[in-house]
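Because the structure is predicted, anything quoted here is derived from the model rather than measured. Numbered from 1 within each chain, the chains take letters A, B, ... in sequence-line order.
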Amino acid sequence: MKRLVIKNGRVIDPSGGLDGLYDLYIYEGKVASLRPSGGSLEADEDWDVLDAKKMLVLPGLIDIHTHLRDPGYEYKETIATGTMAAAAGGFTSIVCMANTNPVNDNGSVTRYILNRASEVGKVNVFPVGAATRGLNGEMISEMGELRDSGCVAVSDDGMPIIDGGLMRKVLEYSSVFDMPVISHCEDPCIVSDGVMNEGSTSTRLGLKGIPRAAEEAMVARDIVLAELTRGRLHIAHISTRGSVELVRTAKDKGLSITTEVTPHHCTLTDDSVVGYNTNAKMNPPLRDEDDIEAILQGLKDKTIDCIATDHAPHSSIEKDLEFDRAANGVVGLETALSLTLRLVDRGFLGLSEAIERVTVGPATVLGLEKGTLKVGADADITIVDKDREWIVDSNLFFSKGRNTPFEGWSMKGKVVKTIVKGKVVYSEE
Amino acid sequence: MRLKSKDLISTEDLSRDEIELLISTAESFKEISERDIKKVPTLRGRTIINLFYESSTRTRTSFEIAAKRMSADAINISTSSSSVVKGETLRDTAKNLEAMNPDCLVVRHSSSGTPNILAKYLRCSVINAGDGAHEHPSQALLDLFTVREAKGRIEGLKVAIVGDITNSRVARSNIHALGKMGAEVRVVGPPTMIPMDIDSMGCSVFHDLKDAIVDVDVIIMLRIQMERQKAPSFPSVREYSALYGLDGKKLEKAPKDVVILHPGPINRGVEITPEVADGPCSLILDQVKNGIAMRMAIFYLLIGGAREEG
């Protein structure tokens with residue numbers, strides 16, 4: 001398929017402020033041109049035609065927070081299954097976290113991930129290197145080698161950096177390589193042995209609570225450290241009203257800080273834990289309606305730059321357990337787009353705004369040259385039937401992970417085709 | 001009348017009518033333990049497994065005696081660590097036990113929610129004998145039974161629950177059960193031992209013991225469980241006793257006819273002094289006696305003749 005034209009679709013490209021009926025011409029894996037629909041095809045007969053009537057044609061979605069588990073935890077997910085899940089969810093680029101085994105804290109692991117992705121991967125994979133060696137929070141990692149090997153950011157995601165002095169060094173040192181520091185903000189001393197949001201639900205269930213302060217204390221610390229170092233800080237998966245307010249204030253001051261929120265933190269409250277549902281257990285924990293309100297406001301006014309899945313596949317071995325012993329995390333790649341469109345349906349975001357938060361928004365956060373349909377850009381494209389209704393059945397996931405809190409949910413909006421560099425990598429049915 | 005559920009997981013799930021039924025059934029069974037031959041054939045042929053993942057003397061013995069006085073076959077398994085060490089999951093243990101076809105599984109576990117999870121897996125009845133800091137319904141039911149015996153009613157009574165509310169399943173089960181029966185519940189302890197938003201469960205919060213007991217009918221003292229404290233919530237046993245331990249002097253503040261309960265085992269000299277524990281207001285041994293009758297009632301209503309098949 002050297003030449004492809006996607007005809008009659010509603011093309012929405014927030015990077016260029018585009019929303020209308022266009023035919024999108026793809027040549028040699030790049031966007032060749034965009035022309036208003038209705039024109040006749042060029043005389044050249046070589047074009048393959050894909051009719052996207054009544055469909056949305058979007059820049060391929062970007063997830064800057066995925067756990068691929070490979071190397072080391074291939075029973076939870078592999079680069080093959082994780083990227084297939086991404087493709088099925090409409091994602092054409094994903095950014096994978098460093099908490100593999102071995103940890104991605106050196107060039108050989110980074111190269112393994114990239115080689116594997118080019119061999120068996122369906123979508124573009126951008127690795128995140130560890131911010132500290134072995135994610136042990138004691139010594140900064142070899143960021144020069146990580147950058148040269150292909151890492152786009154550094155993070156100890158999942159293992160908050162407790163030592164503020166070390167975090168300062170991470171922010172300083174990473175700036176040499178122009179790599180953002182993605183910070184998982186939860187003070188483990190305040191978390192203590194908490195397993196869900198602290199509030200009336202945790203009290204009733206007799207589960208140890210995690211106060212909002214555990215997150216906000218570290219968000220505040222990292223913001224002042226970013227101010228001190230002029231480092232490039234990205235705060236992962238914020239979950240509380242207080243965090244949104246801290247980030248808003250920091251941005252107002254002109255600091256180079258960005259942040260993300262997960263689809264589940266936009267959608268669910270800690271009520272989902274009732275019944276000791278381990279598929280509603282994650283870090284940070286699900287909060288309440290008031291936090292969701294603040295998050296959605298922050299997403300609207302761009303305090304929150306993007307939506308990221310924190311796709312965290314686990315097997316039943318880690319999840320089919322007592323609540324306090326079960327692993328943290330939920331899968332997200334295959335439900336994220338529908339949950340994002342749900343925010344549009346419920347009136348919290350405009351359609352173009354929502355698409356921005358999963359395309360050019362996340363691309364800008366990490367400086368990826370993705371998330372746009374401008375002429376000359378990689379032809380990473382997602383075609384979506386916005387009105388298609390479907391029921392979440394985790395048995396049908398491409399991911400190995402079945403740990404979704406949305407099992408049985410009725411969703412709207414389904415990916416019909418996912419195209420990476422001009423090549424169809426996922427096609428419905 | 002019977003219970004709505006096949007399981008007894010929490011008092012939160014019980015209706016007032018069900019609590020009344022459990023208490024009146026326990027009342028009628030109490031006499032069996034006073035007999036010379038302390039056995040009735042009611043549950044003959046039924047198999048009850050006591051699966052205790054946490055150490056327990058009183059509760060396990062009480063369930064076992066209750067089962068045996070009803071002629072059920074009771075098997076005790078203490079897996080405080082054995083199966084866990086072997087790597088068997090809760091679900092596998094439960095499924096294996098179910099393959100042996102018991103009628104009822106009595107489970108104690110240090111993780112909140114374990115009985116809820118088991119009840120979903122298993123066809124047999126599941127009785128929660130204490131799960132983490134969640135609930136301990138049979139304890140609360142025997143407490144209500146004991147209070148009603150002593151006071152003639154529960155409706156309108158003022159009850160203070162004193163101690164580490166955050167980590168207490170007994171407190172949660174009592175707050176729900178007493179509330180449903182129309183009692184007014186207050187919890188007492190330092191803020192480090194009072195969980196967030198506990199008032200949403202319908203109780204009020206006191207930090208001063210003397211203020212809290214000045215007009216109460218019932219005081220429930222909780223055991224201070226050092227083993228449940230990752231970071232201790234009080235500076236020393238000495239200071240805890242001085243502030244929240246019930247001694248003769250503090251008890252003088254309470255009405256003369258106040259009754260005192262404690263789920264046991266008591267730490268003499270920590271949360272309660274010997275003079276109070278052994279004094280005229282104490283119902284601690286009545287609780288133990290009534291515990292057997294209440295557990296007989298629970299078995300009877302869950303797996304006895306009253307239960308319909310299917």
Let me have the donor-acceptor pairs involving side chains of residues 284-292 of chain A, under 3.5 Å, with sequence neighbours excluded, atom names and distances please.
residue, atom, partner, partner atom, Å
A/R287, NE, A/S239, OG, 3.0
A/R287, NH1, A/N197, OD1, 2.9
A/R287, NH1, A/I210, O, 3.0
A/D288, OD1, A/D290, N, 3.0
A/D288, OD1, A/D291, N, 3.3
A/D288, OD2, A/R212, NH2, 3.2
A/D290, OD1, A/R241, NE, 3.1
A/D290, OD1, A/R241, NH2, 3.0
A/D290, OD2, A/R241, NE, 3.0
A/D291, OD1, A/R212, NE, 3.2
A/D291, OD1, A/R241, N, 2.9
A/D291, OD2, A/R212, NE, 2.9
A/D291, OD2, A/R212, NH2, 2.9
A/D291, OD2, A/D288, N, 3.3

- Enter the distance from B/M196:CE to A/S200:OG here, rounded to the nearest 0.5 Å. 10.0 Å

- Counting a contact as any heavy-atom pair under 4.5 Å apart, which residues of residues 274-282 of chain A contact chain B? A/G275, A/Y276

- Taking atom CG of B/N116 and atom CZ of A/F323, what is their separation to the nearest 0.5 Å? 12.0 Å

- chain B shares the most heavy-atom pairs under 4.5 Å, among A/L205, A/L207, A/T201, with A/L205

- Message: A side-chain contact here means heavy atoms from C-beta on lying under 4.5 Å apart; do A/L321 and B/T89 qualify?
- Response: yes

- Compare every heavy atom of A/R325 with every heavy atom of B/S111, then report the nearest pair and how far apart it is. OG-NE, 3.5 Å

- Message: Under a 3.5 Å distance rule, please check whether B/S112 uses its side chain to pair with a backbone N or O of A/G206 as donor and acceptor.
- Response: yes

- Note: vs chain A, highest number of non-hydrogen pairs under 4.5 angstrom among B/H176, B/E135, B/K120, B/E12 is B/E12

- side-chain hydrogen bond (donor to acceptor under 3.5 Å, both in side chains) between B/D197 and A/T203, worked out: CA-CA 7 Å; B/D197 297 337; A/T203 291; over 6 Å; no

- Query: Tell me, side chain or backbone of B/I198 under 4.5 Å from chain A's heavy atoms, or both, or neither?
  - Reply: both

- Item | Nearest heavy atoms of A/R204 and B/R172, plus distance in Å | O-CD, 4.1 Å

- Residues, nucleotides or ligands: over 12 heavy atoms within 6.0 Å of A/M159 CE: no

